[in-house]
There are 2 protein chains.
Amino acid sequence: MNETIETILKHRSIRKFQDRRLSDRQIRTIVECAQAASTSSFIQAYSIIGVKDPEKKQRLAAIVGKQDYVAHNGHFFVFCADLYRHTMIGERENRDVLESIESTEKFMVSIIDAALAAQNAAVAAESMGLGICYIGGLRNNLDKVQEILSTPERVIPLFGMAVGFPDQDPGTKPRLPFSHIYHEEGYKQDQHTYLQQIDEYDKQISAYYEERTGGKRRDTWSSQISGMLEKKSRMYMKEFIKKIKLNKR
Amino acid sequence: MNETIETILKHRSIRKFQDRRLSDRQIRTIVECAQAASTSSFIQAYSIIGVKDPEKKQRLAAIVGKQDYVAHNGHFFVFCADLYRHTMIGERENRDVLESIESTEKFMVSIIDAALAAQNAAVAAESMGLGICYIGGLRNNLDKVQEILSTPERVIPLFGMAVGFPDQDPGTKPRLPFSHIYHEEGYKQDQHTYLQQIDEYDKQISAYYEERTGGKRRDTWSSQISGMLEKKSRMYMKEFIKKIKLNKR
């Protein structure tokens, strides 16, 4: 096993950081690694916003709620799907690009581009001994995030990433069984096997929580996730995305 | 600079592979690395399909068109956004999860999850000396891909990834300027600077193509990308996604 694979496999989210900032050099390396990721047809449909200002971090933390590490970390990145620059070049090149930019396809492309860049950033940061935590909670209120970060139309602040020097050392969390995530030659839909795999995993996760919480918690993955999905959260998203003129056609 | 960052920074897509298969061990390591990526609220909303069958690869290659490396590689992965298993657990736990699953928010979450997993796979493969190329061309016809790979409702075959032993050694491709992709404290919208950065980059890309093609090609990034966006490709996507019951509300 090489160093990179070791880094990747030992990933766990860090939710408590030392009171120490990343250096500008570290920030630059992380962003350059993000930029080195593949991008759909060379479109480069993402941007990254770095937040150092403590007051601004607090405002973002208020949107996320009860996650102290959004305000306290070594650096806070926001990864954005970005098709704004493409409207600009379309105008300048006098080409009608708007219908394309407003399509569901390009909406997907911009999300994929931003996520690929972000995961490179995550791995790069972790390889330097830093810890990271993705912050999807920004999507609790993208109108507010848009206002705080002055993002224009056709830019979606997709998620944050808190990065810093770890002040905790949690273990890794077991994932769904390999054979459930990975299918060969085609998607395996046999209900019996499919559900059996989830059963097995449910037992594993329940035991994992029980051990980690000294018996206080022993819910299964199925129960945790279906409970989360039952609450209809962020249902404003469709309208927000439409308002910033993406995913329209 | 550590090994991981070196691996990430020297990424370039490989489009010609030796006639040599990945070992099952290599495939497993790549998938396990994919699984180690962060996942939104632990939802694990993705699946990976591996294709070895040459005939099946040919059928996928026909959808992509003129990309020989889709049929000829060491292994072909398809990364899928997957909310199918979540409908299953919802049913089993007797919880009403469908409205949530059909939301634009969860559509985004599943795409992000799949992309984070994929980029871990890419970096892991490259760290082993393998080459990779993302294949967005599968989205030319997802009805067909769905049929070939038997993916159920609520599963989107987002993109492929050809992986293998490189049989070429291309250079890296310059990205948009650091200061154009990376903003501090907020999105910088000053039009003059913004466009100037793109101008600079256009010159750089034009020179890059000129050198690489012995003068045959010297188009700018703006011209290349706006030309691509002018062609309204994959406009069926909105309907397809709706048909498989995602991004509906």
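In what follows, chains carry the letters A, B, and so on, assigned in the order in which the sequence lines appear, proteins first and then strands, with residues in each chain numbered from 1.
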Which atoms of [X] approach chain B - backbone, side chain, both or neither, heavy atom under 4.5 Å:
X	value
A/T151	both
A/Y134	side chain
A/M128	both
A/L195	both
A/Q191	side chain
A/K56	side chain
A/S38	both
A/R12	neither
A/L116	both
A/L60	neither
A/T172	neither
A/R95	both
A/F76	neither
A/D82	side chain

Q: Decide, yes or no, whether a salt bridge links A/K10 with A/E126 under the criterion of side-chain N to carboxylate O below 4.0 Å.
A: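 A/E126 and A/K10: not salt-bridged.
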Q. If you check every heavy atom in residues 223-231 of chain B against those of chain A, which residues fall under 4.5 Å?
A.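 Checking residues 223-231 of chain B against chain A gives B/S223, B/Q224, B/I225, B/S226, B/G227, B/M228, B/L229, B/E230, B/K231.
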(Q) Distance to the ring centre below 6.0 angstrom and angle to the axis at most 45 degrees; does that hold for B/R28 and A/F178? (A) yes
For chain B, the option from [options] that forms the most heavy-atom pairs under 4.5 Å:
options	value
A/S100, A/S47, A/S103, A/P152	A/P152
A/I241, A/I5, A/I156	A/I5
A/E32, A/K173, A/K188	A/K173
A/E99, A/K52, A/E105	A/E105
A/E239, A/R234, A/Q44	A/Q44

Q: Give the C-alpha distance, both sets of side-chain angles, the deciding distance and a yes or no for side chain to side chain contact (heavy atoms under 4.5 Å, CB included) between B/S127 and B/T4.
A: CA-CA 7 Å; B/S127 79; B/T4 302; over 6 Å; no
Under the 3.5 angstrom rule, does the side chain of [X] hit a backbone N or O of [Y] as a donor-acceptor pair?
X	Y	result
B/Q35	A/L176	yes
A/N247	A/F107	no
A/E185	B/D53	yes

Q | Centroid-centroid distance, B/Y84 to A/Y194, less than 6.0 Å | A |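 When the ring centroids of B/Y84 and A/Y194 are compared, they turn out to be within the sub-6.0 Å range.
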Q | CE-CD1 distance between A/M161 and A/I132, expressed to the nearest 0.5 angstrom | A |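 Answer rounded to 0.5 Å: 5.0 Å.
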Q) Could you walk me through whether A/H180 and A/W221 pass the ring-ring contact (aromatic ring centres under 6.0 Å, His included) check? A) CA-CA 14 Å; A/H180 188 76; A/W221 180 76; 7.6 Å; no
